[in-house]
*Asks:* 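Shown below is the structure under consideration.
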Amino acid sequence: MSLKETTDESAAPLNLFTAADVAGVLRERGWISGDISAEQNVWCERAAFLLGPQAADREALAELLRLVFEYDADLVMGDVETHSVMTRYAARDVIRLLARLVLEGGSCTVERFKEIVTALKAGLDLRGREVLYPLRLALVGRAGGGELDRVILLVDAAAEGGFAVKSVRQRMIEFCSALD
């Protein structure tokens, strides 16, 4: 094995988790009970693929999954981090345009998410954190890094797969309702 191959392999994030691990966390946390359907198992595989490399251990995986299964905009609004994000330049403009885009469109797939981010950046002439922090806050209840974008991509798929989660559309409506 060459040095380049070793470097390439070591640079790839390690995924320690499988669909069975995701399903196990969902059962442990009470987000599901009993058997899961074939469609839900496919979702668990995708969740393991997207979130596994982002989680150093099972507790970190559970925390990312919690963002899919638990959402309460009123609690989000009570957090200091929320106030910090929402007082930044153009944050409310991002939320207004995001709400319009989410409510006009369909499920939040990879393609739809890219469209939304592109429209926000172009429509508001903003970049990076100015767009992504308010977006992540509204849709998963937390500002932060790219791992949260992966959570967003799982929300509508979970709702469509029969899990008891609030869709991206429901979260957006709830977030806007909770704003002053």
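Every value quoted in this text rests on a predicted model; they were computed, and no experiment measured them. Here, residue 1 is the first one in the sequence, and each next residue gets the next number.
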*Asks:* Just to verify, what does F163 make a ring pair (Phe, Tyr, Trp, His ring centres under 6.0 Å) with, not counting sequence neighbours?
*Replies:* W43, F69
*Asks:* Quick one: are I36 and R27 in side-chain contact, heavy atoms under 4.5 Å?
*Replies:* yes
*Asks:* Does the side chain of Y133 come within less than 4.5 Å of L148's, by heavy atoms?
*Replies:* no
*Asks:* May I have the step-by-step check of side-chain contact (heavy atoms from CB on, under 4.5 Å) for I95 and M86, ending in yes or no?
*Replies:* CA-CA 9 Å; I95 296 300; M86 293 306 296; 3.8 Å; yes
*Asks:* With sequence neighbours excluded, give me every salt bridge (Lys or Arg N to Asp or Glu O under 4.0 Å) pair touching residues 52-62.
*Replies:* D21-R58, E28-R58, R29-E59
*Asks:* Would you confirm whether T18, through its side chain, and A20, through its main-chain N or O, come within 3.5 Å as a donor-acceptor pair?
*Replies:* yes
*Asks:* Residues in side-chain contact (heavy atoms from CB on, under 4.5 Å) with L103, at least two apart?
*Replies:* R169, I173
*Asks:* Mind running side-chain contact (heavy atoms from CB on, under 4.5 Å) on S177 and D74 for me, showing each step along the way?
*Replies:* CA-CA 9 Å; S177 295; D74 288 329; over 6 Å; no
*Asks:* Working to the nearest 0.5 Å, report the span between CG of L51 and CZ of R46.
*Replies:* 9.5 Å
*Asks:* A quick test of your reading: do over 12 heavy atoms of other residues, nucleotides or ligands sit less than 6.0 Å from CZ of R129?
*Replies:* no
*Asks:* For the atom pair CZ (R136) and CG (L132), what is the distance rounded to the nearest 0.5 Å?
*Replies:* 4.5 Å
*Asks:* Between H83 (side chain) and M77 (backbone), is there a donor-acceptor pair under 3.5 Å?
*Replies:* yes
*Asks:* If Ile, Leu, Val, Met, Phe, Trp and Tyr residues are connected whenever their side-chain heavy atoms lie under 4.5 Å apart, and connections chain through other members, are V80 and L75 in the same group?
*Replies:* no
*Asks:* Could you check V102 against R171 for side-chain contact (heavy atoms from CB on, under 4.5 Å), going step by step and ending with a plain yes or no?
*Replies:* CA-CA 10 Å; V102 165; R171 290 166 185 236; over 6 Å; no
*Asks:* Give the table of side-chain donor-acceptor pairs shorter than 3.5 Å for residues 114-126, with sequence neighbours excluded, one pair per line with atom names and distance.
*Replies:*
unit_1	atom_1	unit_2	atom_2	d
E115	OE1	R112	NH1	3.1
T118	OG1	K114	O	2.8

*Asks:* Counting N and O atoms only, with roles assigned by atom type, does the side chain of R150 sit under 3.5 Å from a partner on the main chain of L50, one being a donor and the other an acceptor?
*Replies:* yes
*Asks:* For residues P134 and L98, determine if any side-chain heavy atom of one lies less than 4.5 Å from a side-chain heavy atom of the other.
*Replies:* no
*Asks:* Looking at side-chain heavy atoms only, is the closest gap between E70 and W31 below 4.5 Å?
*Replies:* yes
*Asks:* Going by side-chain contact (heavy atoms from CB on, under 4.5 Å), name the residues that satisfy it together with A48, two or more places apart in sequence or in a different chain.
*Replies:* V22
*Asks:* With sequence neighbours left out, write down each residue that passes side-chain contact (heavy atoms from CB on, under 4.5 Å) with E147, or none if nothing qualifies.
*Replies:* Q54, L64, R142
*Asks:* By salt bridge (Lys or Arg N to Asp or Glu O under 4.0 Å), which residues pair with E130, not counting sequence neighbours?
*Replies:* none
*Asks:* Return the set of residues passing side-chain contact (heavy atoms from CB on, under 4.5 Å) with S37 (not counting sequence neighbours), or none when no residue passes.
*Replies:* E39, Q40
*Asks:* Who are the salt bridge (Lys or Arg N to Asp or Glu O under 4.0 Å) partners of D79, not counting sequence neighbours?
*Replies:* none
*Asks:* Counting distance only, does the side-chain N/O of S167 pair as donor-acceptor with the main-chain N or O of A159 below 3.5 Å?
*Replies:* no
*Asks:* Give me the atom names and distance for the closest heavy-atom approach of V85 to A91.
*Replies:* O-CB, 3.4 Å
*Asks:* Test L97 against every option in L101, V94, D93 by the side chain to side chain contact (heavy atoms under 4.5 Å, CB included) rule and name the one that passes.
*Replies:* L101
*Asks:* Taking the side chain as everything from C-beta on, heavy atoms only, tell me whether P53 gets closer than 4.5 Å to L16.
*Replies:* no
*Asks:* Hey, does D149 have a side-chain heavy atom less than 4.5 Å from the side chain of F113?
*Replies:* yes
*Asks:* I'd like to check the side-chain hydrogen bond (donor to acceptor under 3.5 Å, both in side chains) partners of N15; sequence neighbours left out, ordered by chain and number.
*Replies:* none
*Asks:* Mind checking who shares a hydrophobic cluster with V42, ILVMFWY linked at side-chain heavy-atom distances under 4.5 Å?
*Replies:* none
*Asks:* Can you confirm whether K166 sits close enough to V155 that some side-chain heavy atom of one is under 4.5 Å from a side-chain heavy atom of the other?
*Replies:* no
*Asks:* Passes side-chain contact (heavy atoms from CB on, under 4.5 Å), V140 versus I152? Steps please.
*Replies:* CA-CA 7 Å; V140 296; I152 293 168; 3.6 Å; yes
*Asks:* So Y71 and F175, do their side chains get closer than 4.5 Å, heavy atoms only?
*Replies:* yes
*Asks:* Mind checking what makes side-chain hydrogen bond (donor to acceptor under 3.5 Å, both in side chains) contact with D156, not counting sequence neighbours?
*Replies:* none
